[in-house]
Protein chains: 2
Amino acid sequence: MKKPGKRAGEPSRAGNDRSTGQTTRYHHGDLSGALLSAARFILDRDGVSALGLRPVTRAAGVSHTAAAHHFGDLAGLLSELAATGLDELRAAIISAAGTPRLIAEAYVFYALRHPHMFELMFRSDLIDRTSPRYRNAASALFAMLAGSPEVSDHDGQKETDGYDSQDAARYTAAWGLVHGIAVLATDGRLDPLISRLREPMSREDLVRQAILSVPPFL
Amino acid sequence: MKKPGKRAGEPSRAGNDRSTGQTTRYHHGDLSGALLSAARFILDRDGVSALGLRPVTRAAGVSHTAAAHHFGDLAGLLSELAATGLDELRAAIISAAGTPRLIAEAYVFYALRHPHMFELMFRSDLIDRTSPRYRNAASALFAMLAGSPEVSDHDGQKETDGYDSQDAARYTAAWGLVHGIAVLATDGRLDPLISRLREPMSREDLVRQAILSVPPFL
DNA sequence: AAACAAATCTTTCCACTGGAAAGACATCCG
DNA sequence: CGGATGTCTTTCCAGTGGAAAGATTTGTTT
C-alpha cells in the first residue's frame, strides 16, 4: 500500500528549489530562519490573513508540516515573527529617544511604516503570548515605555513596591493614546475624517498634530 | 447517481429542532434574525474566533449554506452583527451624554462590558466595511463623537468646508485615547501593569484614572 | 568503522472551514 | 389551478492546521 515512490531524480537532493541555483538538501540548515523571513515577506506583501502554515512553508520550499518541529504550531511561528516586530518597535523608540513626544511619534510612525507587522504584534488570537520569545520582547518594550517601578532602598537591599497609581494611570493614558491612534490610522479609520478636511492633510500630518494636541506632549 | 434519500420522517417538518418544542418549518420565517441572535450568543460566549458559518447556522438549526441567501457570505452576517454593536455603543454614549469625560468613560466601559463585540466591531478583516448597514452605523457613531463639521451660512444656503485641522487633530487624539485604552484593556494588555500596582486596582478603576489623568478630560 | 540514537523533513491522513452549484420545498400571485 | 419566486438543503470542492508515521540525514558511542 505504501509506495516508496520518489520519482527518479538525483538521489542526494531532496526538494526542487526555486530561483536560486542552490541544491536544497534534505536538512535545510537554517529552516527556522528561512521560515521566519518567508513569513515576514508574505506578511509585508499580503497582510496577516495570508500568514498560513502552507503558504509560508511553500515559500520556503518545504512541506507544510516542516515548521512543526521548530515552532510547534502556527502560533509558535507567528509569535516569533511578532516578537521581532516588537524588537523593531523598541529599537525605533530607542533611536528616537528623548522627549515623550518623540517617543509617541516613533510608536505611531512605526505602525504606519509596518502596518501588517503592527497588526500581527497585537493579534492575541494568532500568537501565543506566553511564548518566552514574545514575553521577553513585550516586557522589554513596555518596560521602556513605562519605565520600571521605583525601587526603594531598604537597608541596602533594593526592593520595589510596584507602580504608583498615578504613574500607572498616566502610563495607561499615554500608551492608550499612541496605540489607539496607531490602530485607527493603520486600519484606515481616520480616512473618512481626512477626506472631509478643510485643507488637505496626510495621515502622518494628522497623527502628528493629534499627538501635539495633547497637553502632556506639547 | 442522486439519491432523493431523506430518511423516513414527518413530511411537513424539516429540521430537527433543539430544546424548544416548536416544529421547525422549511421556511423559517425570520432566519436572518435567528442567525443574528445565534451569532450574538456565540460571540458573547466563545469570542470572535468561534463565529464561523457552520457553528452559527448549526445553532440556528439550519444548513450551513442557509445564511448565504440573506447575508451573502460570512462577512455579510458579521457586518450586520458588528453594526448592532456600533448602535449599542452609540446608545451607551448617548445615555451617558454630557461631559467629554463621561463620553470617554462610556466608550471604554462598553468595550469592557462587551469585549468580544467590541473586538468584532473593529475587525476589518472579518467584516465588510462598505456594507450599507455597517457604514451607516459607523458614520452615525463617529459623527456623534466628533460632531459634524461646522456649517457656514452663505446667503441663507448652508454648506460646509469640512473639518478644521485643529478640530480634526483633537478629535483624532480623543478617539485614539479612548479606543486605545479600550483595546489594551479588553485584550488584557494592562494586566501585567495592574498586577504590579502598589495598591490593588481593578481594570475599571485604572482606565477611569487614566482618562482622568488627561487634562482635557479633567 | 560500524551501530545505534536523535534530529529533521516528507508523506499521508483527518476533521474542519467557507462557498459554489444545483436540487427540493414552500409560498405567493396570476 | 399553475407557474414564478423566494427560501432552504444537499452535494461537492478547494482550502486550512495538525497528528501520526515513515524516510533521511546527522551526531554519538562503542
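Bear in mind that the values here come from a model prediction, so they are computed numbers and not experimental data. In the text below, chain A, chain B and the rest are named by the order of the sequence lines, each starting its count at 1.
- Put simply, the side chain of M117(B) reaches to within 4.5 Å of the side chain of T84(B), judged on heavy atoms.
- What separates CG of L53(B) from P of dC13(D) is a distance of 20 Å, to the nearest Å.
- Straight-line distance from the CG atom of L77(B) to the P atom of dT17(C): 15 Å, rounded to whole Å.
- Side-chain contact between S124(B) and R129(B) is present, with at least one heavy-atom pair separated by less than 4.5 Å.
- Atom CZ of F71(A) is separated from atom C1' of dC9(C) by 14 Å (rounded to the nearest Å).
- Taking atom CZ of R54(B) as the reference point, atom P of dT16(D) lies 16 Å away to the nearest angstrom.
- The nearest whole Å value for the distance from the NE2 atom in H64(B) to the P atom in dA14(D) is 15 Å.
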Acceptor/donor pairs from residues 47-54 of chain B side chains to any protein atom, 3.5 angstrom cut, sequence neighbours excluded:
none

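- Under the 4.5 Å side-chain criterion, counting only non-hydrogen atoms from C-beta, I194(A) is in contact with R203(A).
- Checked against dG18(C), dT16(D), dT12(C), the side chain of P55(A) finds its nearest nucleotide in dT16(D).
- Here dT11(C) presents its C1' atom at 16 Å from CZ of R58(A), a figure rounded to the nearest Å.
- Spacing between atom CG of L51(B) and atom P of dC16(C) amounts to 18 Å, rounded to whole angstrom units.
- Salt bridge present: R101(A) and E105(A) bring a charged side-chain N and a carboxylate O closer than 4.0 Å.
- Relative orientation of the Y171(A) and Y163(A) rings is parallel, given thresholds of 30° and 60° on the angle between their planes.
- At dC9(C), none of the side-chain N or O atoms of H69(A) fall inside 4.0 Å of OP1 or OP2 (strictly under the cut-off).
- Between H70(B) and dC8(D) there is a side-chain N or O to OP1 or OP2 distance below 4.0 Å.
- Each end of the helix from dA1(C)-dT30(D) to dG30(C)-dC1(D) gets its own axis, taken as the rotation carrying the C1' atoms of four end pairs onto the next four within a five-pair window, and the two axes meet at 10° to the nearest 10 degrees.
- Rounding to whole angstrom units, CG of residue L31(A) and P of dC9(C) are separated by 5 Å.
- A centroid separation of less than 6.0 Å is found between the aromatic rings of F118(B) and H179(B).
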